[in-house]
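What follows is one structure encoded as C-alpha cells, with my remarks underneath.
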Amino acid sequence: MKIQNHDGSISEIEKSSKEGFEVLNHSTSHLLAEAIQELYPDALFGFGPAIEEGFYYDIDFKEPIVEADLVKIEKKMHELAGKDEKISRQQLTKDEALKVFKNNPYKLELINGIDEDITIFTQGNFTDLCRGPHIMSTGQIKHFKLLNLAGAYWRGDSKNKMLVRIYGTSWWSEEELQNHLNVLEERKKRDHRILGRQLGLFMLSEYGPGFPFWLPNGMTLLNQLEDYWKSQHIKFDYVFTKTPTMLSKELWETSGHWDHYKENMYTTKIDDREFAIKPMNCPGGILVYKNSLHSYKDLPIRLAELGHVHRHEASGALNGLFRVRAFTQDDAHIFCREDQLVDEIKTLLQFYEEMYSVFGLDYHIELSTRPEEGYIGDINIWNKSEAILKEACEKSGKEFKINPGDGAFYGPKLDFKLRDSMGRIWQCGTIQLDMNLPERFDCFYIDKDGEKKRPIMLHRACLGSIERFTGILIEHFAGAFPTWLAPVQAIILPVNNDYHLDYTNNLYKLMKENGIRVEKDDANEKLGYRLRNAQMRKIPFTLVIGDNEVKDKTVTYRRYGQKDQLTVSIDEFIKLVLEEAKNKTR
C-alpha cells in the first residue's frame with residue numbers, strides 16, 4: 001500500500017503492519033472531520049490522531065451533539081469515502097498557514113508553536129493542519145465505526161475549553177472490524193465498575209467522589225494481592241517502611257513538588273504552617289534514609305512502602321478504580337552506589353518479570369527520556385541516567401523502545417506497559433532513575449575512603465496503583481479470579497437441609513480450619529437457583545452435598561465455567577485448593 005509522508009515522498013507499507021493500521025485510522029479521522037464540516041459548518045477542529053485501537057478527533061461544536069448524531073455523521077463519512085477523493089499534501093510557510101486557518105483559534109495556536117515549514121493535507125473541500133502520513137485517497141476507507149463521545153479539555157489542560165471528543169475505529173476488512181467490535185462488546189461485559197458491584201468488591205459514593213470504599217470481598221482480594229506483594233519483596237531483600245500522609249510545605253519545596261505539582265495537591269494549614277497531603281511517597285522515603293548514617297557497605301538499601309497518596313484529579317476524569325483521587329502506591333525507593341546501578345536495575349527487571357507472570361500479563365518496556373521543559377537538574381546527569389537505563393535493559397536481554405520527552409521532572413524512567421486478556425495496554429510499573437533528589441536533600445553515605453558521597457536513588461512501582469491494578473485484574477479475569485486471589489474459594493450447597501446440613505456444617509468448619517475461604521449456601525431455595533447464584537458470583541469451586549457424599553464422606557465439586565463434576569475425598573479436595581493457592585497455578 002502506498003502512503004504520503006511528511007516530506008512529500010511516497011512509501012510502500014504493509015496494510016497488516018502497525019504503521020498501516022495507524023495511517024488508515026489517522027486518514028479516517030480526517031474523513032470524520034470532513035463529514036462534520038459538511039454537517040456542522042460552524043464546528044472548529046482541534047486534534048485528530050490515530051491511537052492504539054482507532055482514532056479520535058477533538059471538536060468545538062457551536063451546538064451540543066449527542067450519541068445518536070454519530071449515525072448521520074457515519075453515513076456522511078461513507079458518502080464522502082464513496083467519492084474516492086484524492087488526499088493531497090501541500091507545504092506552506094507559517095504566514096501562509098496562519099491565513100489558511102485564520103478562523104480556527106485552535107489551529108492558530110498550534111501553528112504559532114511550530115518553528116519549521118508547515119504541511120497541510122486536503123481532500124475534497126476539507127483541509128487540515130497535519131504532518132501525515134496519509135493514504136492516497138479516501139476510497140480506501142471502507143470499514144469503520146464511530147464508537148462514542150467524550151469530553152476532552154483542549155490540549156489536556158483543565159484551564160482550557162472542554163471540547164467534544166469523537167472516538168472511532170477503522171480496519172482494512174469488514175471481518176477485522178466486526179472482530180474488534182465483538183471484543184469491545186466483551187469488554188463492556190467485563191467493566192470493573194459493574195463486576196465490582198455484582199461481586200461485592202467496592203463501592204463509590206457521592207460523599208467522596210474519587211475515593212473508593214472497599215467492601216469485605218474486595219478487602220479479601222486486596223489482602224491476597226498485598227500478601228503476595230510483601231512476600232516478593234522479602235524474597236528480593238527489601239525492608240518495609242510507612243511514612244506520614246501529610247507533610248509540611250518546606251519538604252515539598254525541597255523536593256520540587258511544590259513548584260511542579262502543587263495544583264494536583266491537597267493543602268491545609270496547621271499551627272499557621274502550610275502542609276500538603278502527599279501525592280507521592282518519595283520525600284518521605286528520603287527522610288527515612290537520612291534518619292541514619294550509612295556506609296558504602298550498607299548499600300543498596302531497598303525501602304518498600306504501600307503508601308496511601310492523594311492527587312486532585314478533575315471530576316470529569318474520574319473513572320471507577322482506573323482514575324481516583326486517593327490510592328495506594330506500591331512504592332519502593334532504592335539507594336545505591338553508581339557502580340551498583342546496572343546490576344540493581346537488572347534485578348528489578350527480574351522482579352517485574354516474576355510479578356507480572358503470576359497474573360498472565362504480557363508487557364513491553366519504554367524508556368522515557370528528559371522532558372523538553374519543566375525538568376530539574378543538569379542535562380549531563382540526565383544523559384548519563386538515560387544511558388544507564390539503556391545499558392541495564394540491553395544486558396538483561398530486554399527489548400525496549402524510546403518514549404522521548406515523557407520522563408518524570410526529576411529523572412528518566414523505564415515504563416512497563418501491560419497487555420491484558422482483551423489486548424488492551426495499561427501503564428503500570430515504572431523504574432525512575434534519580435540523581436537530582438539526593439542532591440536536593442543532601443543525601444550521602446560514607447565511602448571506603450571515609451568521605452561523604454551521594455547515593456543514586458531509584459523510584460520504583462511495580463503494580464503502580466493497587467486500586468487501578470485491581471480494576472485491571474477484575475477485567476482481565478472477567479471477575480473469575482484464580483483460586484489464590486478469589487475472595488471466596490469454595491461454596492458448599494447441601495441438596496436438602498434435613499439430611500445434608502450437618503455434614504455440610506462439619507465440612508465448612510474443617511475447610512475454614514485449613515485456611516480455605518469457604519461459604520455455605522443453605523438458603524431455603526431450590527438447588528438449581530443456588531447453583532446459578534454461585535456461578536454468577538464466579539466462585540472457583542462449587543460443592544454439592546447429597547446422599548452419596550454424606551454416606552461416603554466425599555465431596556462433589558465443579559469448577560467455575562466447567563460442566564464436569566468430580567467426586568473426591570475431603571482430604572484430596574482440601575489439598576487441591578491449598579496447592580493451587582500456594583502455587584498460584586490457576
Side-chain angles (χ1 to χ4, degrees), residues 3-4 21-51 54-92 96-111 118-152 154-155 161-172 174 177 181:
I3 62 169
Q4 304 174 72
F21 181 78
E22 289 175 351
V23 171
L24 174 64
N25 275 274
H26 182 50
S27 299
T28 309
S29 78
H30 279 225
L31 182 65
L32 165 64
E34 182 186 6
I36 287 172
Q37 180 178 272
E38 290 214 5
L39 294 170
Y40 307 92
D42 294 332
L44 298 174
F45 301 97
F47 286 118
I51 53 177
F55 63 90
Y56 70 76
Y57 216 120
D58 290 342
I59 303 157
D60 185 354
F61 288 94
K62 299 304 180 186
E63 299 294 331
I65 70 166
V66 295
E67 296 272 351
D69 293 322
L70 297 183
V71 176
K72 69 176 180 181
I73 296 172
E74 196 175 292
K75 182 179 179 182
K76 176 59 72 173
M77 290 172 68
H78 280 290
E79 176 188 318
L80 292 170
K83 296 180 180 180
D84 194 18
E85 298 165 330
K86 180 184 177 183
I87 301 175
S88 59
R89 171 192 170 278
Q90 186 179 355
Q91 188 166 307
L92 305 177
E96 289 171 334
L98 290 172
K99 290 178 183 177
V100 170
F101 295 99
K102 63 183 179 182
N103 296 320
N104 187 332
Y106 303 108
K107 300 296 184 184
L108 293 179
E109 181 179 328
L110 295 175
I111 293 167
I118 291 162
T119 56
I120 60 174
F121 283 82
T122 300
Q123 59 199 58
N125 296 318
F126 176 74
T127 296
D128 207 353
L129 177 71
C130 183
R131 290 180 59 86
H134 280 280
I135 56 178
M136 304 302 291
S137 70
T138 60
Q140 295 173 278
I141 306 172
K142 298 177 180 178
H143 313 286
F144 57 85
K145 180 72 176 175
L146 298 183
L147 300 172
N148 60 279
L149 303 176
W154 168 239
R155 307 196 83 166
K161 185 173 183 179
M162 177 78 76
L163 307 183
V164 175
R165 176 169 292 181
I166 300 181
Y167 284 98
T169 188
S170 186
W171 298 79
W172 292 110
E174 186 64 23
L177 173 62
L181 295 179

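What you see below is based on every heavy atom in this structure, not just the backbone, and it leaves out hydrogens, waters and symmetry mates.
When side chains are defined from C-beta on, W171 does not count as touching K145, because their heavy atoms never get closer than 4.5 Å. In this structure, T122 and K86 have side chains that are not in contact, with every pair of non-hydrogen atoms separated by 4.5 Å or more. The shortest distance between side-chain heavy atoms of L98 and L108 falls below 4.5 Å. Contact check for T28 versus T169: no side-chain heavy atoms found under the 4.5 Å cut-off. No side-chain heavy atom of L149 sits less than 4.5 Å from a side-chain heavy atom of D69. Under the 4.5 Å side-chain criterion, counting only non-hydrogen atoms from C-beta, L80 is in contact with E38. Side-chain atoms of Y40 and I73, non-hydrogen and from C-beta on, do get closer than 4.5 Å to each other. Contact annotation: the side chain of Y56 never approaches that of L32 to less than 4.5 Å [non-hydrogen atoms, C-beta and beyond].
Smallest separation of non-hydrogen atoms from L177 and F144: CD2-N, 3.7 Å. Of all non-hydrogen atoms in Q37 and N125, the two that sit nearest each other are NE2-O, 3.1 Å. The two residues L163 and D60 come nearest to each other via the heavy atoms CD2-CB, 3.7 Å. Shown here for I141 and A81, the closest heavy-atom pair between the two residues is O-CB, 3.4 Å. Considering all non-hydrogen atoms of both residues, D84 and S137 come closest at OD1-OG, 2.6 Å. Residues S29 and G48 approach most closely at OG-O, 2.7 Å, considering heavy atoms.
When the options T138, L31, I36 are evaluated for a side-chain contact (heavy atoms from CB on, under 4.5 Å) with M77, the one that passes is L31. Across F121, Y57, F45, a single residue satisfies ring pair (Phe, Tyr, Trp, His ring centres under 6.0 Å) together with F126, and that is F45.
The structure places CZ of R89 at 10.0 Å from CZ of R131, a figure rounded to the nearest 0.5 Å. Rounded to the nearest 0.5 Å, atoms CZ (R155) and OH (Y106) are 12.0 Å apart. With rounding to the nearest 0.5 Å, the separation of CG in L44 from NZ in K62 is 4.5 Å. Separation of atoms CD1 (I135) and CD (Q123) is listed at 8.5 Å; rounding is to 0.5 Å. The distance from atom CG of L92 to atom CZ of F101, rounded to the nearest 0.5 Å, is 7.5 Å.
Heavy atoms from other residues, nucleotides or ligands lying under 6.0 Å from CD of E174 number more than 12.
Residues K99 and E96 are not paired through a salt bridge, judged by the lack of any N-O separation under 4.0 Å between the basic side chain and the carboxylate.
Here the side chain of K107 pairs a donor or acceptor atom with the backbone of G46 at under 3.5 angstrom. In this structure, E74 contributes its side chain and L146 its backbone to a donor-acceptor pair below 3.5 Å. Within the 3.5 Å criterion, the main-chain N or O of C130 finds a donor-acceptor partner in the side chain of T119.
Take H26 and apply the ring-ring contact (aromatic ring centres under 6.0 Å, His included) test, not counting sequence neighbours, and it matches H30, H134.
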Audit row: L70, L147, side-chain contact (heavy atoms from CB on, under 4.5 Å) steps and yes/no: CA-CA 8 Å; L70 297 183; L147 300 172; over 6 Å; no
Derivation and outcome, side-chain contact (heavy atoms from CB on, under 4.5 Å), residues I65 and I166: CA-CA 10 Å; I65 70 166; I166 300 181; 4.2 Å; yes
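Outside the 6.0 Å centre-distance limit, the rings of W172 and F21 are not counted as a close aromatic pair.
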